[in-house]
There are 2 protein chains.
Amino acid sequence: MSTSDPERPGFVLPLLLLAGFRSLIDDLHTELARQGHPDLRPAHGFVLQAVGVDGTTASELGHRLGVSKQAAGKTVDRLVALGYLERADDPADARRKLVRMTEKGVDGLRRSAVLFDALRERWVTRLGADRVAALEDDLRAVTPPDSFRLDVPGWFGT
Amino acid sequence: MSTSDPERPGFVLPLLLLAGFRSLIDDLHTELARQGHPDLRPAHGFVLQAVGVDGTTASELGHRLGVSKQAAGKTVDRLVALGYLERADDPADARRKLVRMTEKGVDGLRRSAVLFDALRERWVTRLGADRVAALEDDLRAVTPPDSFRLDVPGWFGT
DNA sequence: CTGTTTGGACAACCACGTTGACTATCGTAC
DNA sequence: GTACGATAGTCAACGTGGTTGTCCAAACAG
């Protein structure tokens, strides 16, 4: 395995970063399922986040998430079917359909925010506040600002 | 935005981890495309890694990647079509079809390994070897061992 | 009033996963 | 030596999350 040794230092780093991300997301959704949101999937949280409490439109949502308006529209369809979003006509512009969070959507987003904070706290307990902060500082220093975005859904797939 | 403030500390941590992972993967594939592998996608590297220089079978590959044998088979189909893998009969067992890397596959995997190392070097240059090592140690300490895996393809999607 | 943007929807397609069903082969136990 | 259970692979149908292209209706700017 000389050419593709998984112990190569460069190979381990991305795996560790992914493992950190995944462990947080997995724990979040395990707990979210327990709290009445079994259908909420990793990408959905980012979508709800992008919709925001003020609502938006499918086109604008696609823009925020970095995907096409059609993709955003289909995602909204699914979240509507799951009861997290709802559509409404825009009285000021008959072309636009406002996308808003339902009560359930707000509840899911609020719970995920609380849980994310709790999960970070768990890291603080295990590593210490200074080391977690240093880790965040280092990542901030080394990643380009444009990679710190919400457009999670599409980047991995196609 | 009180309930879903993106500046909430717990929300920032996973985003930073993802940004770190993504920046490495993005840079890797930008350079990989430049070096003659424009079709190699993030998931493919993990698949090639899982196939290994000794080759394997679709079922075993599915097992390693944590997906069904059918999903692994379809992924192999695509990599075969792209010229990175090839199938061969197992002379010792007529049921098994060996999956091996082609020359192109070995080349892609070798280049990605070299590039991963170079990208980690870039982090070392920017942060210092001690901080990168500390970052890795911290992540290792805080992530469960079962989240440090190769089964990237499926976890995010379905 | 007319021509151009814009928002949304529809269709076809692709990548990547799932289950279920089916066939062929292998290994074992009788 | 044969019957049977486990294993490898494939096919089909489907779900999700993307893409591009097309089209229409509403809005806007000249």
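By convention in this document, chain letters (A, B, ...) are assigned in the order of the sequence lines, proteins followed by strands, and residues within each chain are numbered from 1. What you see is a predicted model, and the numbers here were worked out from it, not measured in a lab.
For the pair A:K104 and A:D107, the salt-bridge criterion is not met [side-chain N within less than 4.0 Å of a carboxylate O]. Between A:D77 and A:K74 no salt bridge is recorded (no basic side-chain N to carboxylate O distance below 4.0 Å).
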Under 4.0 Å protein heavy-atom contact, by nucleotide of nucleotides 25-30 of chain D - B base, S sugar-phosphate only
-BS---
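The side chain of B:R78 has C:dC16 as its nearest neighbour among C:dG8, D:dT19, C:dC16.
Using a 4.0 Å heavy-atom distance criterion, A:T75 is classed as a sugar-phosphate-only contact. Backbone-only engagement by A:H44 is indicated by non-hydrogen atom pairs under 4.0 Å involving sugar-phosphate atoms exclusively. B:A71 comes within contact range of at least one nucleobase, with a heavy-atom separation under 4.0 Å.
Heavy-atom nearest nucleotides on DNA chain D were determined for A:K74 and for B:L98, and the one closer to the 5' end corresponds to B:L98.
Between D:dA8 and B:T57, no contact under 4.0 Å exists linking OP1 or OP2 to a side-chain N or O.
Interface remark: the A:K69 side chain does form a donor-acceptor pair with the C:dG8 base, using a distance-only criterion of under 3.5 Å.
Between B:R87 atom CZ and D:dG9 atom P the separation is 8 Å, expressed in whole Å. Protein atom CD of A:Q70 is 12 Å distant from nucleotide atom P of C:dG7, rounded to whole Å.
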